[in-house]
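Each chain gets a letter, A, B and so on, in the order the sequences are listed, and its residues count up from 1.
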There are 2 protein chains.
Amino acid sequence: MARPRIDDVARAAGVSKTAVSFAFNQPDNLNAATRERILAAAAELGYLPSPIARRLASRRTDQIGLVVPQATHHVFANPFLPELLRGIGDVCDAEGISLVIVPPVGGSIARAVEGALVDGLVLLGLEPDHVELELVRKSGMPVVALDVDSWEDAGVISVDEAGGADAAARHLYTLGHRDVAVVLIAEHPDSGVDESRGISARRLRGIRDGFDAAARETGGAEVQVRILSSTVSEDGGRAAFAELQADGLPSAIIAITDITAIGILLAAREAGISVPDRLSVVGYDDVPASAWTQPALTTVHQPIREKGRLAAQRLVDLLRGRESRQLGTELLATRLVVRGSTAPAADGRHPSDARASPGGGGVAHP
Amino acid sequence: MARPRIDDVARAAGVSKTAVSFAFNQPDNLNAATRERILAAAAELGYLPSPIARRLASRRTDQIGLVVPQATHHVFANPFLPELLRGIGDVCDAEGISLVIVPPVGGSIARAVEGALVDGLVLLGLEPDHVELELVRKSGMPVVALDVDSWEDAGVISVDEAGGADAAARHLYTLGHRDVAVVLIAEHPDSGVDESRGISARRLRGIRDGFDAAARETGGAEVQVRILSSTVSEDGGRAAFAELQADGLPSAIIAITDITAIGILLAAREAGISVPDRLSVVGYDDVPASAWTQPALTTVHQPIREKGRLAAQRLVDLLRGRESRQLGTELLATRLVVRGSTAPAADGRHPSDARASPGGGGVAHP
DNA sequence: TTGAAAGCGATACCAC
DNA sequence: GTGGTATCGCTTTCAA
């Protein structure tokens, strides 16, 4: 027999569809007796409200989407994502909202968003002026963007990139590093990086500024910065290391992402390059795994779970019409966590520089 | 102005709703000219089909759910899940299906499943006779279960637990370990473990059998197995270590999950207990991070991504009515990966035993 | 090829 | 409190 519908229950209980609907959604509108009778009839028939029909009628999906810039396979290679999801999940679970992963469809984010069955979106790794996002803005769908400078008509949760990058740069400078490679995110495995935009750009800028400031303040030599990029994965890190080794290793590497730094660490170990004696490595994000390696990773900490939680809460507030603080940017603090992967530059070419700013290890950042 | 609907487009293009629907879904039913005209009108109006209405009418959500046994916050603390998702994502992305995480609602899996907007489910960490799953079976919703022995009317993808556990046990036995603690999964932080069921039970049984077989075959002493449980997280591992240290450390610990083993490893290091010299640690699953620690973790490998891929593919085949191989159990191979966290037992009480089965390190398992 | 009309299965407004 | 009834916005036979 076919799945029972609301009319069947109504008939069986001798009431109207409305009453049945109330029994499930607004029990208080019914007196106890009728409610019981309806529920009994429903149970008897094995009736359960159709999730889809319910959504169409109520015009709410009770789902939010996390829009990611790449295929699921790739984005989950970065331990950052699970951490973010733990934060988002805190809110979703509490609010009875389901979370959908929204990766590009056929390479198109716009197409993915068009078809997404959601009431709102959290945007990860996307810049406000991304072409494909035009649709999103004019659709009027509630949106919270992560890690952007600002976004008209959208909530924004970001972290103090400049501060974190600055701390990392000064830390290395103080240790005497003057030849530093920075490994950015390659959006597309092939194409180079656009150094002017996105999170890679912001972190790189912060790092450069940090080095410049350190040199200026101490009167020391400028840092020679080499730029390269890799996919965000352990293998990406390994590839970056290989590339650098072929060119001649710098004394320190900053990876824009911990997982990349981990790949570098492992590749270095396997190549017999001692970290941190011969090579210092700095990561970014402070995912849990960055504390598991040996040496543990010096990295820029950001409150990932908290970020997810705030983003989701902000989105839900928007959806529920809670006007709390809706828009505007929330900026979370970062701080440098110094662990074992960084040490004084081994080449000894700049000992005086290193001593020039004693105690300037820049361990903490507001 | 309100969001345009299909009728608006139909009117603007001077056609019927059907034609508009065809233009988007079955373009071949229309001649090029009308199709273009309709699409143009749609673009003009900024029309996009409503995701919800489309689903109600077609009776398909184009979403599948991954049912997990605990809150999002907890399940994502285990790096196993992201790996599984990478596999599932391969299929979903390719098939144009969205993935929804389905954690319990108010502690109830049944309630979560009732309300889930999905065409089918992948079940993780749930036993076939779980009370709350009765609903699922009688709902007739297509289901693929992970890591169960068998499940009537459901596809099953599992791994050779017995083989992996056996290899791990023999490995330790050969190394001379006779006092071994096994850390199982605590479903609920407080309640103890049910040693008779679930994945903990199967792995424990395999371990015990492995020890017994090794003792029997070598004529050596039996292994004293201590059982405890912890939550699946780094902290859970730390707690387990603390508990064991208070009771007197065994010579080896097998954790039923890598993340637990990692927690144990870190706690041991911090406590000044040398791994593997004083304490051997074995994990299970072989998540990527198990190769990042120092020493790297000896662990039972299972093809996590492949498992996710197979499960999702099976489910999609079911949904699409591809009768390929639908039901029945698919069993994937496991194998012991020996890395640095295991070494001969330090207490030297069983050197002869250790030598009794030379070369029996059980590195590989079919 | 195109169109008319009947669902899809609820919700929610508005009288009673 | 309870029950008609319009509505949500599209898909999909079935005829023309």
Compare the minimum distances between each of [options] and the side chain of [X], then state the nucleotide with the smallest one.
{"X": "B/L56", "options": "D/dG9, C/dA10, C/dA6", "result": "D/dG9"}
{"X": "B/A53", "options": "D/dT12, C/dG3, D/dC10", "result": "D/dC10"}
{"X": "A/I6", "options": "C/dA5, C/dT11, D/dT2", "result": "C/dT11"}
{"X": "B/N31", "options": "C/dA6, D/dG9, C/dT2", "result": "C/dT2"}
{"X": "B/R59", "options": "D/dG4, C/dA10, C/dC8", "result": "C/dC8"}

How long is the line joining [atom1] of [X] and [atom2] of [N], in whole Å?
{"X": "A/R35", "N": "D/dT2", "atom1": "CZ", "atom2": "C1'", "result": "15 Å"}
{"X": "B/R3", "N": "D/dG9", "atom1": "CZ", "atom2": "P", "result": "8 Å"}
{"X": "B/R55", "N": "D/dG9", "atom1": "CZ", "atom2": "P", "result": "15 Å"}
{"X": "A/Q26", "N": "D/dT2", "atom1": "CD", "atom2": "C1'", "result": "13 Å"}
{"X": "B/R60", "N": "D/dG9", "atom1": "CZ", "atom2": "P", "result": "21 Å"}
{"X": "B/R11", "N": "D/dC10", "atom1": "CZ", "atom2": "C1'", "result": "15 Å"}
{"X": "B/K17", "N": "C/dA6", "atom1": "NZ", "atom2": "P", "result": "11 Å"}
{"X": "B/F22", "N": "C/dT1", "atom1": "CZ", "atom2": "C1'", "result": "9 Å"}

For [N] and [X] - does any side-chain N or O of the residue sit under 4.0 Å from the phosphate oxygens OP1/OP2?
{"X": "B/T18", "N": "D/dT12", "result": "no"}
{"X": "A/N29", "N": "D/dT2", "result": "no"}
{"X": "B/S16", "N": "C/dT2", "result": "no"}
{"X": "A/T34", "N": "D/dT2", "result": "yes"}
{"X": "A/R5", "N": "C/dC8", "result": "yes"}

Whichever of A/S21 and B/S58 has the more 5' nearest nucleotide on DNA chain C, that residue is B/S58
Ranking A/R54 and B/D28 by the position along DNA chain C of their nearest nucleotide, the one closer to 5' is B/D28
What I want to check is whether the side chains of [X] and [Y] have a donor and an acceptor closer together than 3.5 Å.
{"X": "B/E132", "Y": "B/S108", "value": "yes"}
{"X": "A/N29", "Y": "A/R35", "value": "no"}
{"X": "B/T72", "Y": "A/D93", "value": "yes"}

Is it true that A/R314 and A/D317 have a side-chain N and a carboxylate O under 4.0 angstrom from each other?
no
| said: Can you tell whether the side chains of B/E95 and B/R320 come within less than 4.0 Å, N to carboxylate O? | reply: yes
By the 4.0 Å heavy-atom rule, please label [X] as base, sugar-phosphate, or nothing.
{"X": "B/D7", "value": "nothing"}
{"X": "A/V15", "value": "sugar-phosphate"}
{"X": "B/Y47", "value": "sugar-phosphate"}
{"X": "A/S50", "value": "sugar-phosphate"}

| task | Show your reasoning for whether side chain to side chain donor-acceptor pair (under 3.5 Å) applies to B/D119 and B/T61. | result | CA-CA 6 Å; B/D119 298 328; B/T61 64; 2.9 Å; yes
